[in-house]
Amino acid sequence: MINPTRFLSDLHHLRSFGPAGVGKGVVRPAYSDADVAARDWLAGRMRDAGLTVQMDGMGNLFGLADAPSLLMGSHSDSQPEGGWLDGALGVIAALEIARASREAGGPPVSVVSFQDEEGRFGVTTGSAVWSGHLGQNEADVLTDHAGVALGDARKALGDRVTGPVDPSQFTGFIEMHIEQGPTLDKSGEQIGVVTDIVGIRDMKITFDGQQNHAGTTPMHLRRDAFQAVSAFNTALNDRFRNVVTPQTVWTIGHVSLHPNASSIVPGRAVFSMQWRDGDSDRLLRMEGIIRDLAAQVAQDRGLGLSFGPLLGLEPVAMDGRLRRALEQGAEAVAPGNWRTMPSGALHDATNVSRLMPVAMLFVPSIDGISHAFEEDTAEDDLIAGVQVLERAVQALT
């Protein structure tokens, strides 16, 4: 049986790598010193659990049981300002299931902490490379917002890399995660069994105007790149009106101005454009609207326009057999107090679905908060989630 005290102790210890100094938050971006140190500690805990540690070239960390085995886990890197449970919960829950099963003579369970799920360099980059969705050479030229290339950043792994990890040794993948939304918290339900994961598209857009003096350049003569971003953002909601659903979301989350000075008209603006939906055709229609609107704004204002690479993943339905095992576990642990639900957030399970059957389990996020230092979940709910996983593994043998 699982050991709740051991599970919670490890979960709290993991947040000691890159503590934010605010609540339970963490700052542990992919390949940072804190991220690498956390992977070293996790590797030690995997060995203590009797697992064989391997790390591939991306930094995806595996604790391997005897093959064939069920693979469980998530990621341990964080957003620039992240919560202590996002990803970390799934890794430590998997570790507890793996060692509890081993102690009880149960089925073999392997553990993974994928790298760069949070997208410092792209979209779930580590699992994208492992699954073959993205080539290593393609990944290495991706850059973060500071211009650092992934190929340079992963040098921080040093001699920890052991080589490729063969996915054929795994029978399936289950990922436990906080919901990162308000549904379970508002309903008072303890468990969510995921039905499907939405698709995502992400790209950078650049407007090139004319840098000039902010005091002497008349407004009607300006080619202000930031004004173009503002006009684009203002018009986008209306352009999407007859295409999107209440579940569709889109975000401009990062804007970089050059030269970013108070007394200079911005000559260049680079911004991120991300959109998510459960329908691939709708994602494509949204892409067309985004490109057409950006072109219109650039033309109207006499600006240059360029688009970065389009990154993304398709919507994915969860495997029926794995999902039923989670549903049975949910009913046993939280009878009548669980639901099935889609995931509006992206997860490594999307990439892994290219290789094997996948399923996901959610526990509540207090006030629906995630990707913030305030992110938290009641410990009773954390333990209940692991108990559901344990029952699911037993049902799958």
Side-chain angles (χ1 to χ4, degrees), residues 79-82 86 116-125 128 133-134 142 144-145 177 179-183 194-207 225-257 268-301 303 305-317 341-351 365 368-372 375:
Q79 285 286 331
E81 292 188 1
D86 182 358
D116 195 30
E117 191 274 352
E118 296 293 8
R120 176 184 171 187
F121 295 97
V123 178
T124 60
T125 322
H133 180 71
L134 181 67
L142 297 174
D144 65 9
H145 291 310
H177 212 279
E179 182 198 341
Q180 300 183 280
T183 302
V194 176
T195 56
D196 53 89
I197 303 173
V198 300
I200 185 173
R201 299 292 184 269
D202 191 291
M203 70 177 174
K204 292 180 180 178
I205 302 176
T206 301
F207 286 122
F226 180 69
Q227 289 292 330
V229 177
S230 179
F232 172 88
N233 185 54
T234 300
L236 188 59
N237 288 8
D238 187 63
R239 294 293 182 95
F240 278 160
R241 188 179 306 278
N242 295 322
V243 175
V244 300
T245 75
Q247 287 72 45
T248 312
V249 295
W250 57 96
T251 307
I252 295 176
H254 184 273
V255 179
S256 174
L257 301 181
R268 168 174 287 193
V270 182
F271 63 99
S272 65
M273 185 69 235
Q274 184 185 102
W275 59 106
R276 307 184 190 211
D277 191 86
D279 183 271
S280 295
D281 290 339
R282 185 174 291 111
L283 292 170
L284 182 61
R285 293 172 66 189
M286 293 174 71
E287 178 189 349
I289 291 171
I290 289 166
R291 291 183 184 274
D292 290 346
L293 176 58
Q296 179 185 324
V297 169
Q299 180 178 7
D300 291 347
R301 295 172 177 270
L303 306 179
L305 171 67
S306 59
F307 298 97
L310 179 67
L311 304 174
L313 293 168
E314 299 305 313
V316 170
M341 60 188 299
S343 172
L346 193 65
H347 301 283
D348 290 308
T350 298
N351 289 316
S365 295
I369 295 174
S370 184
H371 285 187
E375 172 188 284

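All figures in this text were calculated on a predicted structure; none of them were measured in a lab.
- For residues 116-125, every residue pair satisfying the salt bridge (Lys or Arg N to Asp or Glu O under 4.0 Å) rule, not counting sequence neighbours, is listed here: R120-D144.
- Taken from CG in D279 to CD in Q247, the straight-line distance is 12.0 Å, to the nearest 0.5 Å.
- Interatomic distance, CD1 of I205 versus CE of M273, reported as 7.0 Å (0.5 Å rounding).
- Using a 4.5 Å cut-off on side-chain heavy atoms (C-beta onward), V229 and L257 make no contact.
- Contact between A298 and L305 at its shortest, heavy atoms only, is CB-CB, 3.9 Å.
- Residues passing the side-chain hydrogen bond (donor to acceptor under 3.5 Å, both in side chains) test with T350, sequence neighbours excluded: none.
- The salt bridge (Lys or Arg N to Asp or Glu O under 4.0 Å) contacts involving residues 243-257 comprise nothing, where partners must be two or more places apart or lie in separate chains.
- Ring-plane geometry between H145 and H254 is classed as parallel, the angle between the planes falling under 30 degrees on a 0 to 90 degree scale with a further cut at 60.
- Between W275 and F240, the closest side-chain pair of non-hydrogen atoms is not below 4.5 Å.
- By the side-chain contact (heavy atoms from CB on, under 4.5 Å) test, V123 is found to be paired with I200, D202, L311, L313, L346, residues two or more places apart in sequence or in another chain being considered.
- A294 and F207 get closest at one heavy-atom pair: O-CE2, 3.5 Å.
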Before you tell me yes or no, could you show the steps for M286 and R201 under side chain to side chain contact (heavy atoms under 4.5 Å, CB included), namely the whole-Å CA-CA distance, both residues' side-chain angles and the distance that decides it to 0.1 Å? CA-CA 10 Å; M286 293 174 71; R201 299 292 184 269; over 6 Å; no
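- Put simply, CZ on F232 and CZ on F271 are 4.5 Å apart, with the number rounded to the nearest 0.5 Å.
- With sequence neighbours left out, T206 forms a side-chain hydrogen bond (donor to acceptor under 3.5 Å, both in side chains) with no residue at all.
- With sequence neighbours excluded, the residues forming a side-chain hydrogen bond (donor to acceptor under 3.5 Å, both in side chains) with T124 are N351, listed by chain and number.
- Here side chain to side chain donor-acceptor pair (under 3.5 Å) pairs that include residues 235-244, with residues two or more places apart or in two chains, are N237-W250, D238-R241, R239-Q296.
- Counting all heavy atoms, side chain and backbone alike, P315 lies closest to G278 at CG-O, 3.3 Å.
- The side-chain contact (heavy atoms from CB on, under 4.5 Å) test applied to E81 returns F373, not counting sequence neighbours.
- Residues that satisfy the salt bridge (charged side-chain N to carboxylate O under 4.0 Å, His left out) test with D196, not counting sequence neighbours, are absent from this structure.
- D277 contributes atom CG, which lies 3.5 Å from atom OG1 of T248 (distance to the nearest 0.5 angstrom).
- Distance check, rounded to the nearest 0.5 Å: CD1 of I290 to CE of M203 gives 5.5 Å.
- Identified under the salt bridge (Lys or Arg N to Asp or Glu O under 4.0 Å) test for residues 289-301, with sequence neighbours left out: E287-R291.
- Annotation: salt bridge (charged side-chain N to carboxylate O under 4.0 Å, His left out) contacts of D86 (sequence neighbours excluded): none.
- Scanning all heavy atoms of the two residues, the minimum distance from V243 to R282 falls at O-NE, 3.0 Å.
- Under the side-chain hydrogen bond (donor to acceptor under 3.5 Å, both in side chains) criterion, S370 pairs with Q180, E375, sequence neighbours left out.
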